[in-house]
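Inspection log for the structure reproduced underneath, given as structure tokens.
FYI, the numbering just counts along the sequence from 1. Computation of the quantities below employed the complete heavy-atom set of this structure, encompassing side-chain atoms and omitting hydrogens, waters and symmetry-equivalent molecules.
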Amino acid sequence: MCIEKQIEFLSYDNDYLGIAFTMNSLILFTVGAVILGIFISFRNTPVVKANNRNLSFILLVSIKLSFLSVFLFLGRPSDITCMLRQTSFGNTFSIAVSCVLAKTILVYIVFKATKPGSSWSKWVGAKLSHYIVLVCSFIQILITVLWLSISPPFVEYNILSEPGKIIIQCNEGSVVAFYIVLSYMGLLASLSFIVAFLARTLPDSFNEAKYITFSMLLFCSVWITMIPAYLSTKGKNTVCVEIFAIITSSCGLLFCIFLPKCYIILLKPEMNSKQYLLGNPNK
């Protein structure tokens, strides 16, 4: 008689891990939406306006999208979801890290430009930060377009990894393109970390570089440890490793950068003043 093989994939309704990832993603997406709502409501206050509020809005939206990209990894894979998986999280993370890089460079330039006769003053302004986000994001989008054009991901039925099971999984198509996407994200995160580390000694009242430094350190640590774990696992566990990396690194960006500001806005309104940010709290 024929014995039907068990079909395996990470389900969002019949698998405990899938349910846990679904709940976490929804909760964190809601938290991101609440923080975005707080920033929009207090958009004219000094804490929100400091260091380019438009970049903060773009960063929050991209983090929320990264939480939603988790759902592309859940459920039975198809050719469309396989193509959207890596490209969606790669592009949203690149936009997010580009915003962090632009914010960090802006902080560094602003304080360098405060010195009399400084040549950095010509670089101060919102245009530079917007150009950084556009250029860095465009490069990642170009990489993913080339990936989808040359060797796009597709569904494959793996019958060799585990006897008695058919693992429905996504084949990356081009492994080289997949690691180029990850490497480019790592490059942006490393640049953000380096610039933030250099700017960490600037005045604390206006400086979020130390929070960016910690968030980028967490971001890089998560993805560096993800790669060997990703290569050593099989089946739906591989998907779990990638989802965990997406959620953890997104949480690092969301909480390390925005929670301190929310704390000031909601619980320490006396610190949310221009005088305090300029280092004159008694005026």
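- Here the shortest heavy-atom pairing between Ser192 and Thr104 reads O-CG2, 3.9 Å.
- The same ILVMFWY cluster, assembled from side-chain heavy atoms under 4.5 Å apart, contains both Phe89 and Leu60.
- A distance-only check finds a donor-acceptor pair linking the side chain of Ser151 to the backbone of Gly173 [under 3.5 Å].
- Side-chain contact check for Ile227 versus Tyr179: some heavy-atom pair is nearer than 4.5 Å.
- Using a 4.5 Å cut-off between side-chain heavy atoms of Ile, Leu, Val, Met, Phe, Trp and Tyr, with links allowed through other members, Ile80 and Leu148 fall into different hydrophobic clusters.
- Taking every heavy atom of both residues into account, Ser78 and Val155 meet most closely at C-CG2, 3.1 Å.
- At least one donor-acceptor pair closer than 3.5 Å links the side chain of Ser88 to the backbone N or O of Arg85.
- Tyr16 and Ile247 are members of different hydrophobic clusters when ILVMFWY side chains are connected at heavy-atom separations under 4.5 Å.
- Taking SG from Cys251 and CG from Asn24, the interatomic distance works out to 8.0 Å, rounded to the nearest 0.5 Å.
- In this structure, the side chains of Leu74 and Ile243 come closer than 4.5 Å at one or more pairs of heavy atoms.
- In this structure, Tyr184 has no side chain to side chain donor-acceptor pair (under 3.5 Å) partners at least two apart in sequence or on a different chain.
- To the nearest 0.5 Å, atoms CG (Leu65) and CZ (Phe67) are separated by 11.0 Å.
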Between Val97 and Met185, is a side chain to side chain contact (heavy atoms under 4.5 Å, CB included) present by the stated rule, with each step listed? CA-CA 8 Å; Val97 180; Met185 282 172 32; 5.9 Å; no
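- Contact annotation: the side chain of Lys236 never approaches that of Phe73 to less than 4.5 Å [non-hydrogen atoms, C-beta and beyond].
- Linking Ile, Leu, Val, Met, Phe, Trp and Tyr whenever their side-chain heavy atoms come within less than 4.5 Å puts Leu231 and Val181 in one cluster.
- Counting heavy atoms of neighbouring residues, nucleotides and ligands inside a 6.0 Å radius, atom CD1 of Ile159 does not exceed 12 of them.
- A donor-acceptor distance shorter than 3.5 angstrom exists from the side chain of Ser249 to the backbone of Ile246, with no hydrogens or angles considered.
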Check the pair Ser94, Ser137 against side-chain hydrogen bond (donor to acceptor under 3.5 Å, both in side chains), reporting the backbone distance first and the verdict last. CA-CA 6 Å; Ser94 294; Ser137 302; over 6 Å; no
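- Contact of the Val135 side chain with the Ile139 side chain is registered, since non-hydrogen atoms from C-beta on lie closer than 4.5 Å.
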Candidate pair Phe39 and Phe258, rule ring pair (Phe, Tyr, Trp, His ring centres under 6.0 Å), full reasoning: CA-CA 9 Å; Phe39 269 60; Phe258 292 104; 5.3 Å; yes
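- Between Ile35 and Lys261 there is no side-chain heavy-atom pair separated by less than 4.5 Å.
- Between the CG atom of Leu266 and the OG atom of Ser41 there is a distance of 9.5 Å, given to the nearest 0.5 Å.
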Side chain to side chain contact (heavy atoms under 4.5 Å, CB included) assessment of Thr238 paired with Gln169: CA-CA 9 Å; Thr238 304; Gln169 61 188 23; over 6 Å; no
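- The closest side-chain donor-acceptor pair between Ser56 and Lys103 falls under 3.5 angstrom.
- Taken to the nearest 0.5 Å, the CE atom of Met216 stands 15.5 Å off from the CZ atom of Phe197.
- No donor-acceptor distance shorter than 3.5 angstrom exists from the side chain of Arg53 to the backbone of Val48, with no hydrogens or angles considered.
- Shortest non-hydrogen contact noted between Ile132 and Ser98 is CG2-O, 4.3 Å.
- When each of Phe244, Trp223, Phe178 is paired with Tyr230, the ring-ring contact (aromatic ring centres under 6.0 Å, His included) condition holds for Phe178 and for no other.
- Using a distance-only test at 3.5 Å, with no hydrogens or angles considered, no donor-acceptor pair links the side chain of Thr81 to the main chain of Pro77.
- Leu36 and Val100 fall within a single hydrophobic cluster, where Ile, Leu, Val, Met, Phe, Trp and Tyr side chains are chained together by heavy-atom contacts under 4.5 Å.
- Side-chain contact check for Phe219 versus Val222: every heavy-atom pair is 4.5 Å or farther apart.
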Side chain to side chain contact (heavy atoms under 4.5 Å, CB included) between Leu101 and Cys136, intermediate numbers included: CA-CA 9 Å; Leu101 177 62; Cys136 295; 4.3 Å; yes
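- Here the straight-line distance linking atom OH of Tyr263 with atom CG of Leu259 works out to 12.0 Å at 0.5 Å rounding.
- Just one of Gln6, Lys5, Glu8 meets the side chain to side chain contact (heavy atoms under 4.5 Å, CB included) condition when paired with Ile167; it is Glu8.
- Residues Ile141 and Thr144 come closest through the heavy atom pair O-OG1, 2.7 Å.
- Heavy-atom contacts from other residues, nucleotides or ligands closer than 6.0 Å to CG of Leu187 number more than 12.
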Between Leu188 and Phe93, does the side chain to side chain contact (heavy atoms under 4.5 Å, CB included) criterion hold? Intermediate values first, please. CA-CA 10 Å; Leu188 293 178; Phe93 267 117; over 6 Å; no
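- Atom CZ of Phe138 has 12 or fewer heavy atoms from other residues, nucleotides or ligands within 6.0 Å.
- Closest approach of Gly18 and Leu10 over heavy atoms only: N-CD1, 3.9 Å.
- Atoms SG and CD1, from Cys99 and Ile63 in turn, are 9.0 Å apart once rounded to the nearest 0.5 Å.
- Within the 4.5 Å cutoff, side-chain heavy atoms of Leu182 are placed close to those of Met226.
- Applying the 6.0 Å contact sphere to CZ of Phe255 captures more than 12 heavy atoms from other residues, nucleotides or ligands.
- Smallest separation of non-hydrogen atoms from Gly252 and Leu218: CA-CD2, 3.5 Å.
- No side-chain heavy atom of Ser62 sits under 4.5 Å from any side-chain heavy atom of Asn91.
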